[in-house]
S.K.: 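Below: one structure in structure tokens.
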Amino acid sequence: MDFLHKNFVYKTLPFNEFVRRASETKHSDYFLSEDESYYLRSLGEDIRKVQEEEPADLSKQFPDLAEEFHIPQFFEPDQFFSSVFRISSCGLQLWTHYDVMDNLLAQVTGRKRVVLYSPQDALHLYLSGDKSEVLDIDAPDLKHFPEFVKAKRYECVLEPGDLLFIPALWFHNTLALQFGVGVNVFWRHLPAHSYDKKDPYGNKDPLAASRALQALERALNMLNELPAEYKDFYGRRMIQRIQKRTCCDDPSGGNKDSKTTLLNSPFTKPA
């Protein structure tokens, strides 16, 4: 799936028809082409019927299936945010992105490859919002994305019954190796007021981070009033201040003596 060029469409099908098509490799009935892929991500209440769209909840949208789905209690019940039911065709790949909540990915049927990148490699992933513009992570275009090779790749294959913990802010890319069914369970590990109440998907930046990014954008716009050499000088001072106050090699605080190399890395994508 290509979020840059939108090579997908939204369609409605009876559930049994959707499952039939999603499990096929070639289609006699199709919308775009006989080898098209299908993907379902469950949603909460219809946004047109309620003031705010609710997060997906397996127990509400698929109550019969929810009776057969149980995970260990890794978090307190009041921290629960959503449980997302997913079905995908073999070969369907979702773009690399991050979520702002911890979550578990349970593979129910089929096999799925998951590739992950640390939040500390964000500078190498050419971000557009919460998504990476590097769509082909297996054969990236290094002329356009030369920094991508610096991102350390972690990879696993989920078998039916496997459970993968994906920490908040960790980038992940999934590829269905077979027709498969899975469930994501998200929970709030920060105080509830830290999150955007209008975020049913769990991928909007925390409110404090969103405000900080907006303030940074205003500050950068102010620098546009200066000549290029002044912008460069004060931009470097801003980078140094951000680096000093926010960056560390070990976010847990375990490596007190390490120094980051942010200033040596390009942190803006090519024009």
Side-chain angles (χ1 to χ4, degrees), residues 1 3 39-45 52-62 65-66 68-88 92-122 125 127 129-132 137 151 153-177 180-210 251-252:
M1 296 179 69
F3 77 94
Y39 175 63
L40 176 145
R41 184 218 190 273
S42 61
L43 301 172
E45 292 294 330
E52 293 181 5
E53 186 177 356
E54 293 182 357
D57 187 338
L58 189 69
S59 64
K60 294 180 179 179
Q61 285 91 50
F62 300 91
L65 295 178
E68 302 180 22
F69 182 77
H70 305 279
I71 60 168
Q73 189 175 335
F74 290 119
F75 55 91
E76 295 300 322
D78 62 353
Q79 292 178 285
F80 171 81
F81 177 74
S82 67
S83 49
V84 182
F85 185 50
R86 303 181 190 271
I87 300 178
S88 58
L92 184 122
Q93 188 167 15
L94 291 182
W95 51 70
T96 306
H97 68 284
Y98 69 87
D99 300 298
V100 299
M101 297 183 189
D102 288 344
N103 77 91
L104 293 168
L105 172 56
Q107 191 68 16
V108 180
T109 64
R111 299 170 69 243
K112 177 176 289 182
R113 185 193 75 176
V114 184
V115 174
L116 303 106
Y117 300 96
S118 164
Q120 291 185 292
D121 280 332
L125 296 179
L127 297 183
D130 64 326
K131 307 172 186 67
S132 170
I137 61 172
R153 173 175 174 145
Y154 301 85
E155 181 174 331
C156 65
V157 174
L158 299 183
E159 305 284 347
D162 282 347
L163 197 64
L164 175 66
F165 171 55
I166 305 177
L169 306 183
W170 272 74
F171 298 89
H172 46 285
N173 178 295
T174 62
L175 171 64
L177 302 177
V181 175
V183 179
N184 271 109
V185 179
F186 293 82
W187 68 93
R188 303 179 182 91
H189 62 284
L190 300 178
H193 65 264
S194 302
Y195 301 101
D196 190 328
K197 292 181 179 180
K198 296 182 179 180
D199 176 17
Y201 302 108
N203 58 9
K204 285 188 177 181
D205 293 315
L207 294 174
S210 181
S252 66

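Bear in mind that the values here come from a model prediction, so they are computed numbers and not experimental data. Residue numbers start at 1 and run along the sequence shown.
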S.K.: Does Ser118 reach the main-chain N or O of Gln120 with its side chain, forming a donor-acceptor pair under 3.5 Å?
M.R.: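 Checking the backbone N and O of Gln120 against the side chain of Ser118, a donor-acceptor pair under 3.5 Å is found.
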
S.K.: Determine, step by step, whether Trp187 and Asp102 satisfy the side chain to side chain contact (heavy atoms under 4.5 Å, CB included) criterion, reporting the C-alpha distance in whole Å, the side-chain angles of both residues, the deciding distance to 0.1 Å, and the verdict.
M.R.: CA-CA 6 Å; Trp187 68 93; Asp102 288 344; 3.6 Å; yes

S.K.: If we only count heavy atoms from C-beta on, is the Phe85 to Gln61 side-chain gap below 4.5 Å?
M.R.: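 No, too far: nothing below the 4.5 Å cut-off.
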
S.K.: Is there a donor-acceptor contact under 3.5 Å from the side chain of Glu68 to the main chain of Leu65?
M.R.: no

S.K.: Decide side chain to side chain contact (heavy atoms under 4.5 Å, CB included) for Val84 and Val183; before the verdict, give the C-alpha distance in whole Å, the side-chain angles of both, and the deciding distance to 0.1 Å.
M.R.: CA-CA 5 Å; Val84 182; Val183 179; 5.8 Å; no

S.K.: Any chance you could measure Ser88, atom OG, to Lys112, atom NZ, to the nearest 0.5 Å?
M.R.: 4.5 Å

S.K.: Scan side-chain atoms only and decide if Arg41 and Tyr201 contain a donor-acceptor pair under the 3.5 Å cut-off.
M.R.: no

S.K.: What's the shortest heavy-atom distance between Leu40 and Ser42, and which atoms?
M.R.: CD2-N, 3.8 Å

S.K.: Nearest heavy-atom pair of His189 and Val100: which atoms, and what distance?
M.R.: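 That would be CE1-O, 3.6 Å.
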
S.K.: Please give me the minimum heavy-atom distance between Ala151 and Tyr117, naming the atom from each residue.
M.R.: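 Closest approach of Ala151 to Tyr117, heavy atoms only: CB-CD2, 3.8 Å.
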
S.K.: Is any side-chain heavy atom of Glu155 less than 4.5 Å from a side-chain heavy atom of Arg113?
M.R.: yes

S.K.: Any luck finding a side-chain donor-acceptor pair between Asp205 and Tyr195 under 3.5 Å?
M.R.: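 Not at all, the side chains of Asp205 and Tyr195 share no donor-acceptor pair under 3.5 Å.
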
S.K.: Between Arg111 and Leu158, is the side chain to side chain contact (heavy atoms under 4.5 Å, CB included) condition met? List the steps.
M.R.: CA-CA 6 Å; Arg111 299 170 69 243; Leu158 299 183; over 6 Å; no

S.K.: Would you find a donor on one side and an acceptor on the other, under 3.5 Å apart, between the side chain of Gln107 and the backbone of Thr109?
M.R.: yes

S.K.: Could you check whether any side-chain heavy atom of Ile71 comes within less than 4.5 Å of a side-chain heavy atom of Leu104, counting everything from C-beta outward?
M.R.: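 In short, these two side chains touch, coming nearer than 4.5 Å.
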
S.K.: Which donor-acceptor pairs under 3.5 Å do side chains of residues 167-176 form with protein atoms, sequence neighbours excluded?
M.R.:
| from | atom 1 | to | atom 2 | distance (Å) |
| --- | --- | --- | --- | --- |
| His172 | ND1 | His97 | O | 3.4 |
| His172 | ND1 | Trp170 | O | 3.0 |
| His172 | NE2 | His97 | NE2 | 3.2 |
| His172 | NE2 | Asp99 | OD2 | 3.1 |
| Asn173 | OD1 | Gln93 | NE2 | 2.9 |
| Asn173 | ND2 | Leu94 | O | 3.2 |
| Asn173 | ND2 | Thr96 | OG1 | 3.1 |

S.K.: Please examine the side chains of Asn203 and Tyr98, heavy atoms only from C-beta on, and report whether any two atoms are closer than 4.5 Å.
M.R.: no

S.K.: Side chains of Asp78 and Arg188, heavy atoms from C-beta outward: is any pair under 4.5 Å?
M.R.: no

S.K.: Roughly how far, to the nearest 0.5 Å, is CG of Asn103 from OG of Ser82?
M.R.: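 The distance works out to 8.0 Å.
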
S.K.: In the structure I gave you, are the side-chain heavy atoms of Trp95 and Met1 within less than 4.5 Å of one another anywhere?
M.R.: yes

S.K.: Side chains of Arg86 and Val181, heavy atoms from C-beta outward: is any pair under 4.5 Å?
M.R.: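 Not touching, per the 4.5 Å side-chain cut-off.
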
S.K.: Could you tell me the separation between the CZ atom of Phe81 and the CE atom of Met101, rounded to the nearest 0.5 Å?
M.R.: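 That separation rounds to 4.0 Å.
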
S.K.: Minimum heavy-atom separation for Ser59 and Ser83, please, with both atom names.
M.R.: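 Here Ser59 and Ser83 meet closest at N-OG, 4.5 Å.
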
S.K.: Identify the heavy atoms of Asp196 and Lys198 that sit nearest to each other, and give their distance.
M.R.: OD1-N, 2.8 Å

S.K.: Considering all heavy atoms of both residues, which atom of Phe75 and which atom of Val185 are nearest to each other, and what is their separation?
M.R.: CZ-CG1, 3.8 Å

S.K.: Is the shortest side-chain heavy-atom distance between Leu105 and Leu163 below 4.5 Å?
M.R.: no

S.K.: Should Arg153 and Ile137 be marked as a side chain to side chain contact (heavy atoms under 4.5 Å, CB included) after you check the CA-CA gap, both sets of side-chain angles, and the distance that decides it?
M.R.: CA-CA 10 Å; Arg153 173 175 174 145; Ile137 61 172; 4.2 Å; yes

